[in-house]
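Notes follow the structure.
Note on naming: letters A, B, ... go to the chains in the order of the sequence lines (proteins, then strands), and numbering restarts at 1 for each one. Just so you know, these numbers come straight off a predicted model, no measurement behind them.
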Protein chains: 2
Amino acid sequence: MAISKLDPIDRMILAELQADGRMTNVELAKRVGISAPPCLRRVRSLEEAGYIRGFHADVDARALGFEVQVFAMVGLHSQAETDLSAFEAKCAEWPLVRECHMLNGEIDFILKCVAPDLSSFQSFLTGQLTSAENVASVKTSLVIRGAKDEPGVPFDVLEQRLEQIA
Amino acid sequence: MAISKLDPIDRMILAELQADGRMTNVELAKRVGISAPPCLRRVRSLEEAGYIRGFHADVDARALGFEVQVFAMVGLHSQAETDLSAFEAKCAEWPLVRECHMLNGEIDFILKCVAPDLSSFQSFLTGQLTSAENVASVKTSLVIRGAKDEPGVPFDVLEQRLEQIA
DNA sequence: AGTGAAAGTACAGCTGA
DNA sequence: TCAGCTGTACTTTCACT
């Protein structure tokens with residue numbers, strides 16, 4: 001699974017579906033310049049091969065009552081692989097934690113969390129996160145306002161790079 | 001636009017489409033227990049009202065040649081509204097910056113960035129980000145590995161809360 | 001290209017303020 | 001009574017072979 005296995009039409013399909021994942025197959029086919037049946041086959045095999053992990057509606061968290069978004073920087077006592085995995089497993093089970101990334105440097109993990117309000121985040125923070133085994137330090141930062149939130153990757157950058165290589 | 005304006009069926013629709021945004025309308029209608037036409041109308045009005053911001057294919061950044069993911073914590077010299085907006089506008093134009101969130105505390109902004117490789121990120125970092133006007137400090141952390149990356153919000157938490165209130 | 005299914009439209013009936 | 005939502009029937013468009 002690598003970019004080199006994709007032709008320009010595959011990349012156009014990915015770019016179009018990243019921008020609008022609910023586009024019909026005929027619309028997609030028209031945009032990428034092929035007929036519908038082969039276009040559908042391409043989409044299927046892109047899913048199969050894992051280039052497309054899924055399709056999701058982008059819902060407005062605020063409108064749904066999740067008023068609070070928080071980044072939590074977590075430091076652990078032990079960075080042994082077993083302990084790292086154990087912490088990741090906990091994050092996977094906490095619904096308020098939407099993203100968990102292991103980082104280099106002094107911070108071990110960064111977590112992106114959502115919560116209905118500050119008090120429910122606080123109770124998660126003190127009751128679950130900071131009191132979890134192996135957690136040494138947690139620094140939290142409230143999101144005051146979101147300025148940009150684009151999903152996926154910049155396909156224009158990708159195409160520029162491919163041109164340079166060619 | 002608030003959660004209180006949505007009935008249980010609307011919330012089921014949102015949950016289903018968050019999980020699988022390319023589901024057909026009849027399948028969706030079957031799952032939420034109504035017939036197809038009103039289901040479609042509900043989806044349309046949820047989009048209209050902004051509860052659904054869009055539909056996106058979730059593409060695998062690594063497979064597409066974006067090997068590097070970085071969090072950048074940015075501090076500014078001036079936090080005047082004009083200067084904050086100016087920085088946000090820059091972020092909006094930088095394709096490698098996928099997310100930009102304004103935070104409380106010592107960090108002013110956190111940026112989630114992607115890049116094809118370390119060297120192209122470095123050239124963005126030194127050539128664009130740290131050299132941008134008003135930027136005082138930038139601390140970057142490489143994502144060693146991703147442990148969780150769920151889109152959207154946890155609907156089970158939402159339903160639990162609504163039960164408690166009722 | 002052709003078939004079967006889904007999307008989308010128009011209209012009529014039901015339900016609650 | 002009236003607004004709002006629902007379901008049935010129908011046409012157009014799409015998915016898939």
>> Applying side chain to side chain contact (heavy atoms under 4.5 Å, CB included), can you list everything that pairs with I9(A), at least two apart in sequence or on another chain?
In response: D7(A), I13(A), V32(A), I34(A), R42(A)
>> With rounding to the nearest 0.5 angstrom, report the SG to CD distance, C113(A) to Q128(A).
In response: 11.5 Å
> Salt bridge check: are E48(B) and R53(B) linked by an N-O gap of less than 4.0 Å?
Replying inline: no
> With clusters built from Ile, Leu, Val, Met, Phe, Trp and Tyr whose side-chain heavy atoms come within less than 4.5 Å, directly or transitively, what are the remaining members of the cluster of I107(A), listed by chain and number?
Replying inline: F71(A), M73(A), L103(A), I110(A), V143(A), F71(B), M73(B), L103(B), I107(B), I110(B), V143(B)
> Is a side-chain donor-acceptor pair under 3.5 Å present for Q122(A) with T126(A)?
Replying inline: no
> What pairs with E133(A) under salt bridge (Lys or Arg N to Asp or Glu O under 4.0 Å), at least two apart in sequence or on another chain?
Replying inline: none
> In terms of the angle between their ring planes, are F109(B) and F87(B) parallel, tilted or perpendicular, with boundaries placed at 30° and 60°?
Replying inline: tilted
>> Generate the contact string for nucleotides 6-17 of chain C. Rules: B means base contact, S means sugar-phosphate contact only, - means no protein heavy atom under 4.0 Å.
In response: SSSB--------
> Looking at residues at least two apart in the chain, or sitting in another chain, which of them share a side-chain hydrogen bond (donor to acceptor under 3.5 Å, both in side chains) with S119(B)?
Replying inline: D117(B)
>> Angle between the end axes of the helix from dA1(C)-dT17(D) to dA17(C)-dT1(D), five pairs per end, to the nearest 10 degrees?
In response: 20°
> To the nearest Å, how far apart are D10(B) CG and dG4(D) C1'?
Replying inline: 13 Å
